[in-house]
Amino acid sequence: MHAKADQRIRVTLTLNGRERSGYAEPRTQLCDFLRHELGATGTHVGCEHGVCGACTVRVDGRASRSCLMLAVQAEGRRLDTVESLAGEEGLSDLQQAFRRHHALQCGFCTAGILMSCEEFLSRVADPSEALVRDMLSGHLCRCTGYTGMVQAVLEVARSRRLATGPDSQQENNDV
Amino acid sequence: MKPAAFDYLRPSNRREACERLHEAGDDARLIAGGQSLMAVLNMRLAQPRQLIDIAGIEDLHFIERRDDHLAVGAGVTQAELLEYPGLAEAVPLLAQAMPWIGHWQTRNRGTVCGSIAHADPSAELPLCLVTLEGQVVLENRRGKSRRVMAGDFFQGVLTTDRRQDELITEVRFPLARPGLEYRFQEVSMRHGDFAIVALAGVIDGARVTLGVGGVADRPVCRVFDRHEDPGETLNAFAWSLGAEDDAHATAAYRRQLIRERGRELIAGGPSDEEIAHARQG
Ligand SMILES: Cc1cc2nc3c(=O)[nH]c(=O)nc-3n(C[C@@H](O)[C@H](O)[C@H](O)COP(=O)(O)OP(=O)(O)OC[C@H]3O[C@@H](n4cnc5c(N)ncnc54)[C@H](O)[C@@H]3O)c2cc1C
Ligand code: FES
Ligand code: FES
């Protein structure tokens with residue numbers, strides 16, 4: 001493939017379970033494509049150099065900076081953003097826990113943090129507080145001081161473990 | 001900010017990637033995980049005319065344990081290597097050092113070879129590769145490959161021995177040898193930030209190889225004798241690296257860290273009896 005700099009390329013991907021297409025120039029960042037072309041404005045954009053984590057989405061399940069990825073690189077991939085979390089029944093367990101523990105204030109950082117936490121919880125069933133803090137170190141929050149987030153993640157990990165039962169627990173505490 | 005305009009190329013094999021690199025000359029850049037390059041492009045610190053994406057080249061996606069080394073292909077992310085079963089046993093230094101590279105989220109996309117190619121003097125992987133005396137494998141558009149010892153590959157800040165039309169296809173980390181101890185230490189502002197000083201050590205009986213990152217313009221190693229007081233030699237080593245003041249730390253603090261942490265790393269290894277025991281076992 002060779003796309004010219006001013007060419008508008010059709011990009012098709014699966015966004016939150018639905019196939020979506022739009023057009024992007026080679027230099028269009030994934031975060032801008034999601035927001036401006038597909039209208040998925042839940043994902044926020046902060047620093048645009050990978051540091052703040054506001055733009056974090058899941059690419060084929062992996063929490064990734066959407067400001068450090070081009071829209072054309074997302075062709076054919078599975079993208080999940082904060083819009084995927086709440087279902088018909090309302091907020092997800094993680095979102096509810098964030099609310100209960102005051103894990104957000106202005107909310108600018110929250111969309112990215114939730115996506116990191118979701119991937120983390122899917123990989124680490126029984127995390128230590130230190131590991132949760134390590135995962136959260138990839139995000140900047142100027143409001144909360146992170147304590148509420150740590151509590152929310154540990155609580156959801158616990159409740160999901162109870163829901164799945166002891167037999168299905170993964171033992172990957174040292175990821 | 002947004003990147004300046006560039007053409008985007010997605011070659012399907014190594015030869016084609018090198019061919020495109022050769023044609024475009026200095027106007028082209030390779031992109032792998034984008035965790036360093038995209039930030040540079042967004043800030044317009046670089047404005048290449050062509051971006052050549054190697055993430056889609058399938059035969060670069062491998063981790064292979066061979067006779068005496070672990071080979072990691074250019075398609076492998078840092079997260080994938082960390083998840084490789086038996087990493088702690090195969091290359092224990094990597095298992096200790098890699099959690100210090102950026103964050104969970106950047107390791108998900110950043111590649112192992114990309115970090116070697118980028119050659120940031122504070123980066124953990126170049127330090128490990130140099131300390132372990134690993135190799136970088138490069139291939140050009142004629143399909144010819146060459147191997148370079150890590151110690152010769154890094155030539156300065158973001159500067160390596162890679163030629164303009166070459167692709168790093170894999171890096172080779174020597175496997176752990178029985179009885180040897182591997183240690184890693186880092187001091188940074190916060191976990192996940194680039195190192196102010198990073199230390200990697202290989203303890204082989206009385207012989208300790210100490211590598212230091214984050215101070216000189218590239219990772220640098222020295223060999224120490226565990227039976228001698230390292231005070232003098234460590235001090236000389238610390239001064240030889242040409243530490244500079246920056247926003248994160250003063251040069252004096254960096255030298256102090258090398259002296260203190262270096263001593264800890266050299267002296268804190270297993271005793272001679274423990275090593276002898278491990279060798280018998
Ligand atoms: C917030 C943040 C924190 C970070 N912290 C750290 C840290 O603490 N320690 C650390 O080491 N790194 C850190 N990084 C950078 C690290 O994540 C990058 O993954 C790594 O430096 C580059 O790998 P990449 O695959 O992303 O390469 P890219 O960004 O795609 O490329 C980097 C450079 O290498 C070249 N290149 C890439 N692959 C090849 C190849 N196969 N052959 C030849 N040239 C190639 C590219 O042309 C480019 O010049 C951080 C990044 C971010 C965003
Ligand atoms: S906007 Fe992407 S990490 Fe800050
Ligand atoms: S809630 Fe405001 S930045 Fe995190």
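Quick caveat: nothing in here was measured; it's all calculated off a predicted structure.
For R44(B), the CZ atom is densely surrounded, since the number of other residues' heavy atoms within 6.0 Å is greater than 12. Atom CG of D246(B) is surrounded by more than 12 heavy atoms from other residues, nucleotides or ligands within 6.0 Å. Remark: R99(A) CZ is loosely packed, at most 12 non-hydrogen atoms of other residues, nucleotides or ligands lying under 6.0 Å away. Within 6.0 Å of atom NE2 in H102(A), 12 or fewer heavy atoms from other residues, nucleotides or ligands are found, so the atom counts as exposed in its surroundings. Environment of OH in Y146(A): crowded, with over 12 heavy atoms of neighbouring residues, nucleotides or ligands closer than 6.0 Å. Atom CD of E244(B) has 12 or fewer heavy atoms from other residues, nucleotides or ligands within 6.0 Å.
If you measure heavy-atom distances from L51(B) to chain A, the contacts under 4.5 Å come from the side chain alone. For chain B, no part of D6(A) is nearby; none of its heavy atoms comes within less than 4.5 Å. In this structure, no portion of A55(B) lies under 4.5 Å from any heavy atom of chain A. Using a 4.5 Å cut-off between heavy atoms, M115(A) does not touch chain B at all. Only the side chain of Q29(A) has a heavy atom closer than 4.5 Å to any heavy atom of chain B. Looking at L37(B), there are no atoms closer than 4.5 Å to chain A (heavy atoms on both sides), in backbone or side chain.
Counting heavy atoms from C-beta outward, D32(A) and K2(B) have side chains that approach closer than 4.5 Å. The closest side-chain heavy-atom distance from Y8(B) to M1(A) is below 4.5 Å. Between N42(B) and L68(A) the shortest side-chain heavy-atom distance falls below 4.5 Å. Side-chain contact between E83(B) and R123(A) is present, with at least one heavy-atom pair separated by less than 4.5 Å.
Between chain B and the options Q7(A), M69(A), H139(A), heavy-atom pairs under 4.5 Å are most frequent for M69(A). Chain A forms the most heavy-atom pairs under 4.5 Å with one residue out of H103(B), R190(B), M43(B), and that residue is H103(B). Put simply, of R133(A), R65(A), Q73(A), the one with the most heavy-atom pairs under 4.5 Å next to chain B is Q73(A).
Atom CG in N108(B) sits 9.5 Å away from atom CZ in R58(A) (nearest 0.5 Å). Distance check: D134(A) CG to W104(B) CH2 gives 8.5 Å after rounding to the nearest 0.5 Å.
Summarising the geometry of F6(B) relative to P26(A), their closest heavy-atom pair is O-CB, 3.3 Å, with the distance given to 0.1 Å. Residues R10(B) and V72(A) approach most closely at NH1-O, 3.2 Å, considering heavy atoms. A pairwise comparison of heavy atoms in P3(B) and R27(A) identifies O-NH1, 2.8 Å as the closest pair. A39(B) and H49(A) make their closest contact through CB-CB, 3.6 Å (heavy atoms, listed as atom of the first residue, atom of the second, distance).
Taking 4.0 Å as the cut-off between side-chain N and carboxylate O, R107(B) and E119(A) do not count as a salt-bridged pair.
No side-chain N or O of T56(A) forms a donor-acceptor pair with one of Q105(B) less than 3.5 Å apart.
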